[in-house]
Amino acid sequence: MERRINEAAAEGSVIRLHNLLQEDALVLDRFMAGCYAETPLHIASMLGHIDFVQEVLRRKPELAGELDSRKSSPLHLATAKGYLDIVKKLVSVNPEMCFVCDRDGKNPLHIAVIKDHVHVLRELVQVRPQAARILLDRGETILHLCVNYSQLEALKFLVKTVSDQELVNSKDEDGNTILHVAVIDKQVKAIKFLTTSTTIDVNAVNAKGFSALDISTQSKRDIKHWEIAESLRLARAISAKDIQLSTAEGTTTAQPQSNLSSQGKNRGKPRQKNLGKHDDWLKEKRSALMVVASLIGTVAFQAGVSPPGGVWQDDNGHNAGSPILADNNRIFYNIFFTLNSIGFVASLSIILLLVSGLPWFKRKFFTWILMVIMWIAITAMALAYTCSVIALTSTDNAVLEYGAVIILLVSIGLTGILLLGHIVRLIWKMIKYFTKLVKRGKREPADSNGHGEANDAV
């Protein structure tokens, strides 16, 4: 009889169910009292037979709470297949099944996230929103599941509906927040959403002492890496080392200091703000230098292996693969090769110094040095371009030659203007610095005389 009613459930035949119940009215009760791998309700829910499910629940609603051999309820199976009508019917009979976890520690809401059935997830959250807060075996939240299985729409829905600051910043047993997991898996869209639309702590540290920015810097450099780094930078994410320094400074500042006036305390706030702007300026400059240096290095490499004018394709009076320009105009080729090499080496030097991790290059002075190297690289590439254009242009075409000379003069002029501006700026800062020293030197004798007169008066 049990086999026959299971066959009826697989077919979804309500007529066969009625006939079997006429033969044995207790057949459904035996599924509840005996030890079976699954009930007819499990089978019908898994196969989407809504009429059969409704009839079984009308006669024996208690079957909605039965579990199969994997501790899955009919609600688990209907959720996994995305059958919304069956899910609604099951939760209307027994809504507490939203809290029941299967052998893997997952409740129906977890299953809906994994299978990306957001329409089912909405129904389950509406019925029992607290079921979304049940943790998995490794301390993961349902938001961790969204990120682990790349379910961005489910993540957005849950953050908007049931999430709060505590849930969105919850950590698993490894100390990883959902932002850590998203950075590890390089989910760019999820990272942008978390850093712009949630209250997640971008500087949270996991059990290994890594922040999200630390994990990003250790990952392989590719297009996703730069997008992730930019999102974290805009969210003001910092490394774990900087977090410790900030904490230490905050602890020191928080100590009571009775000899400080309120004016002295307020004076430190603009300084902290200026330091923040200074750090942002350095980060922007380093990012821009890295991008431009990479582009110049790529162009210089391509020009080096494929010089202007091309290479010989045969060995008739010359070597195959040798530059044509070197045979036709050795002087211009040597100049071009030298300038191109200067630009290539300068760009590689900038990239090497930026990725070296040396703390010196986090200072403003050394950033200026990198900018000077960048000027050299840009000037060298401009001169190399001008040299190649003049070498390849026919002597009869004076317009192109004049155009190349104009390009050369413009590039040199721009570089000269920038260099002159920074020299003037440096001289002005030195004048201001020495002026302060002179004023300070004049003030000290006056102060000492004033103290002397006061002592005589006493």
Residues 196-207 vs side chain to side chain donor-acceptor pair (under 3.5 Å), sequence neighbours excluded, gives Asn176-Asn206
Knowing that exactly one of Ile43, Leu77, Asn6 qualifies, which makes a side-chain contact (heavy atoms from CB on, under 4.5 Å) with Glu38?
Ile43
Between Asp68 (side chain only) and Ala37 (backbone N and O only), is there a donor and an acceptor less than 3.5 Å apart?
no
Mark yes when over 12 heavy atoms from residues, nucleotides or ligands other than Lys186 sit less than 6.0 Å from its NZ; otherwise mark no.
yes
Measuring only between side-chain heavy atoms, which start at C-beta, is Ser13 closer than 4.5 Å to Phe52?
no
Might you confirm whether atom OH of Tyr36 has over 12 heavy atoms from other residues, nucleotides or ligands at distances under 6.0 Å?
yes
Indicate yes or no: does Asp214 engage Lys208 in a salt bridge with an N to O separation below 4.0 Å.
no
Are any side-chain N or O atoms of His76 and backbone N or O atoms of Val100, one a donor and one an acceptor, separated by less than 3.5 Å?
yes
Could you give me the CA-CA distance, side-chain angles and deciding distance for Arg58 and Glu55, then say whether salt bridge (charged side-chain N to carboxylate O under 4.0 Å, His left out) is met?
CA-CA 5 Å; Arg58 186 180 67 82; Glu55 185 63 22; 2.5 Å; yes
How would you list all residue pairs meeting side chain to side chain donor-acceptor pair (under 3.5 Å) that involve residues 78-96, not counting sequence neighbours?
Glu96-Arg128
Is there side-chain contact between His144 and His180, with heavy atoms separated by less than 4.5 Å?
no
Between Asp104 (side chain only) and Lys106 (backbone N and O only), is there a donor and an acceptor less than 3.5 Å apart?
no
Does any part of the side chain of Leu213, heavy atoms only, come nearer than 4.5 Å to the side chain of Val183, both counted from C-beta?
no
Is any side-chain heavy atom of Ile5 closer than 4.5 Å to a side-chain heavy atom of Leu28?
yes
Counting only heavy atoms not in Gln218, do more than 12 fall under 6.0 Å of its CD?
yes
Are Met381 and Val299 side-chain neighbours, meaning at least one heavy-atom pair lies under 4.5 Å?
yes
Could you go through Arg233 and Glu230, starting from their C-alpha distance and side-chain angles, then the distance that decides it, and tell me whether this counts as salt bridge (charged side-chain N to carboxylate O under 4.0 Å, His left out)?
CA-CA 5 Å; Arg233 185 187 67 81; Glu230 180 66 13; 2.7 Å; yes
Could you check whether Glu62 pairs with Lys60 (Lys NZ or Arg NE/NH1/NH2 to Asp/Glu carboxylate O, under 4.0 Å)?
no
Less than 4.5 Å apart, side chain to side chain, heavy atoms only: is that true for Cys146 and Leu158?
yes
In terms of heavy-atom contacts, does CZ of Phe99 have more than 12 from other residues, nucleotides or ligands at under 6.0 Å?
yes
Give a yes-or-no answer on whether the side chains of Ser45 and His42 include a donor-acceptor pair shorter than 3.5 Å.
no
